[in-house]
Amino acid sequence: MPEALPTDTYLTLDQPGEGYLTEKRSRFPAFAMHVDSDARHVCYAYVIGDHGERTRSNDDGEPSGSAGVPILGRLRAAGLTYALVIVVRYFGGVKLGTGGLAVAYKTAAAEALAAATVKECIVKARFQVEVPYADADVMQRFVKEADADIVERNYTDKGLIAAISIRLTGEAALRTRLAQILSLKFSKQADE
C-alpha cells in the first residue's frame with residue numbers, strides 16, 4: 001500500500017498503460033487511463049471466423065443501433081476478422097442525438113483501426129493420409145511440389161501416417177494428385 005498522502009492531494013494516472021494476462025488459456029487485455037468523469041457507455045463489436053462468419057455488437061445503453069452497429073460497420077469496411085473494437089463514451093454534457101452518436105462511434109472506431117497494424121494470415125487446411133513405405137517418397141514429393149507441409153509423421157509396421165497442412169485454396173488439387181497413388185488412403189482429419 002502506498003504511503004499515506006496529505007488530505008489535499010490524490011494519485012491519478014499521468015500516461016495510459018496496457019496490460020495483458022493469460023491465465024489457464026483465458027486472455028485478459030487491460031487498459032488503464034486517466035478519466036475525468038464516469039464512463040457512461042462501453043460499446044463494442046467483434047468479428048470472428050476465417051471468413052468473418054460470427055459477429056456481435058453491443059450498444060451498452062445507447063439508442064439501439066447507434067454504437068455497436070457503426071463500430072461493426074468499420075470492422076466490416078476494413079475487411080477484418082478475429083478483431084475487436086471497444087469505444088468508451090464519457091458524457092460531455094451535450095446530447096448528440098442518435099445520428100450524432102452513430103457518427104461519433106463510427107469515427108472513433110475508424111481512428112482506432114487506423115492506429116492498429118493489420119496483417120494478412122493464410123487459412124490452411126489439414127488432412128491425414130496413410131501410405132505404405134514403398135510409396136512414401138512419392139507422396140512426400142507431391143506434398144513438397146504443392147508447397148504444402150507434413151506437420152506430423154507417425155511410422156507404423158505397414159507404412160507412414162502423415163498429417164499435411166496446405167493453403168486452403170490448394171487443398172483440392174493436392175488431394176487429387178495424392179489420389180493418383182493407388183495405395184494411399186485418406187484418413188480422419190489431422191486436427192480432430
Original post:
Between Ala102 and Pro70, what is the shortest heavy-atom contact and its length?
Top reply: O-CB, 3.6 Å
Original post:
Under a 4.5 Å cut-off applied to non-hydrogen side-chain atoms, are Cys121 and Lys119 in contact?
Top reply: yes
**OP:** Hey, could you give me the CG/CD1 distance between Leu174 and Ile166, rounded to the nearest 0.5 Å?
**Re:** 4.5 Å
Original post:
Does Glu111 have any side chain to side chain donor-acceptor pair (under 3.5 Å) partners at least two apart in sequence or in another chain, and if so, which?
Top reply: none
Subject >> Side-chain cluster (under 4.5 Å, hydrophobic types only) that Leu182 belongs to, other residues >> reply: none
Subject >> Atom pair OG1/CD1 of Thr81 and Ile48 - distance to nearest 0.5 Å >> reply: 6.5 Å
**OP:** With sequence neighbours excluded, tell me which residues meet side chain to side chain donor-acceptor pair (under 3.5 Å) with Asp50.
**Re:** Tyr82
Original post:
Is there a donor-acceptor contact under 3.5 Å from the side chain of Tyr46 to the main chain of Ala83?
Top reply: no
Original post:
About how many Å separate NZ of Lys106 and CZ of Arg74, when rounded to the nearest 0.5 Å?
Top reply: 5.5 Å
**OP:** Using side chain to side chain donor-acceptor pair (under 3.5 Å) as the criterion, list what pairs up with Gln180, not counting sequence neighbours.
**Re:** none
**OP:** Answer yes or no: is there a donor N or O on one side and an acceptor on the other, between the side chain of His41 and the main chain of Asp60, under 3.5 Å?
**Re:** yes
**OP:** For Ala136, check side-chain contact (heavy atoms from CB on, under 4.5 Å) against everything at least two apart and list the hits.
**Re:** Val131, Gln140, Leu160
Subject >> Distance (rounded to the nearest 0.5 Å) between Ile164 CD1 and Phe142 CZ >> reply: 11.5 Å
**OP:** First locate atom CD1 of Ile181, then atom CZ of Arg141, and finally report the distance between them rounded to the nearest 0.5 Å.
**Re:** 8.0 Å
**OP:** Give a yes or no answer on whether the side chain of Thr107 reaches the backbone of Ala104 with a donor-acceptor pair at less than 3.5 Å.
**Re:** no
**OP:** Give a yes or no on whether the backbone of Ala163 and the side-chain of Arg153 come within a donor-acceptor separation of less than 3.5 Å.
**Re:** no
**OP:** Sequence neighbours left out, what passes side-chain contact (heavy atoms from CB on, under 4.5 Å) with Val88? Give chain and number order.
**Re:** Ala39, Val42, Ile86, Tyr90
**OP:** Would you please name every residue forming a side-chain contact (heavy atoms from CB on, under 4.5 Å) with Glu53, sequence neighbours left out?
**Re:** His51
**OP:** State, yes or no, whether a side-chain contact exists between Cys43 and Glu62 at a heavy-atom distance under 4.5 Å.
**Re:** yes
Original post:
So, does Thr176 use its side chain to make a donor-acceptor pair with the main chain of Ala172 at under 3.5 Å?
Top reply: yes
Subject >> Partner residues of Arg56 under the side chain to side chain donor-acceptor pair (under 3.5 Å) criterion, sequence neighbours left out >> reply: none
**OP:** List, by chain and then residue number, the residues other than Leu75 in its hydrophobic cluster (Ile/Leu/Val/Met/Phe/Trp/Tyr, side-chain heavy atoms under 4.5 Å); write none if there are no others.
**Re:** Val47, Ile71, Leu72, Leu80, Val85, Val87, Leu96, Leu101, Tyr105, Leu113, Val118
**OP:** Carefully, step by step, assess Val129 and Lys185 under the rule side-chain contact (heavy atoms from CB on, under 4.5 Å).
**Re:** CA-CA 6 Å; Val129 298; Lys185 292 189 290 186; over 6 Å; no
**OP:** Could you identify which residues cluster with Val69, counting Ile, Leu, Val, Met, Phe, Trp and Tyr as linked when any side-chain heavy atoms lie under 4.5 Å apart, either directly or through a chain of such contacts?
**Re:** none
Subject >> Reported NZ-to-CD1 distance for the pair Lys124 and Ile122, which is rounded to 0.5 angstrom >> reply: 6.0 Å
Original post:
Transitively linked via ILVMFWY side-chain contacts under 4.5 Å: Tyr155 with Val138?
Top reply: yes
Subject >> For the student: nearest non-hydrogen atoms of Gly65 and Asp59, plus distance >> reply: N-OD2, 2.8 Å
Original post:
So which pairs with a foot in residues 158-169 pass side chain to side chain donor-acceptor pair (under 3.5 Å), sequence neighbours left out?
Top reply: none
**OP:** Fit a plane to each ring of Phe127 and Phe186, take the angle between them on a 0 to 90° scale, and name the class: parallel (under 30°), tilted (30 to 60°) or perpendicular (over 60°).
**Re:** tilted
Original post:
Do Tyr44 and Val103 belong together in a cluster built from hydrophobic side chains that touch within less than 4.5 Å?
Top reply: no
Original post:
Remaining members of Ile161's ILVMFWY cluster at a side-chain heavy-atom cut-off under 4.5 Å?
Top reply: none
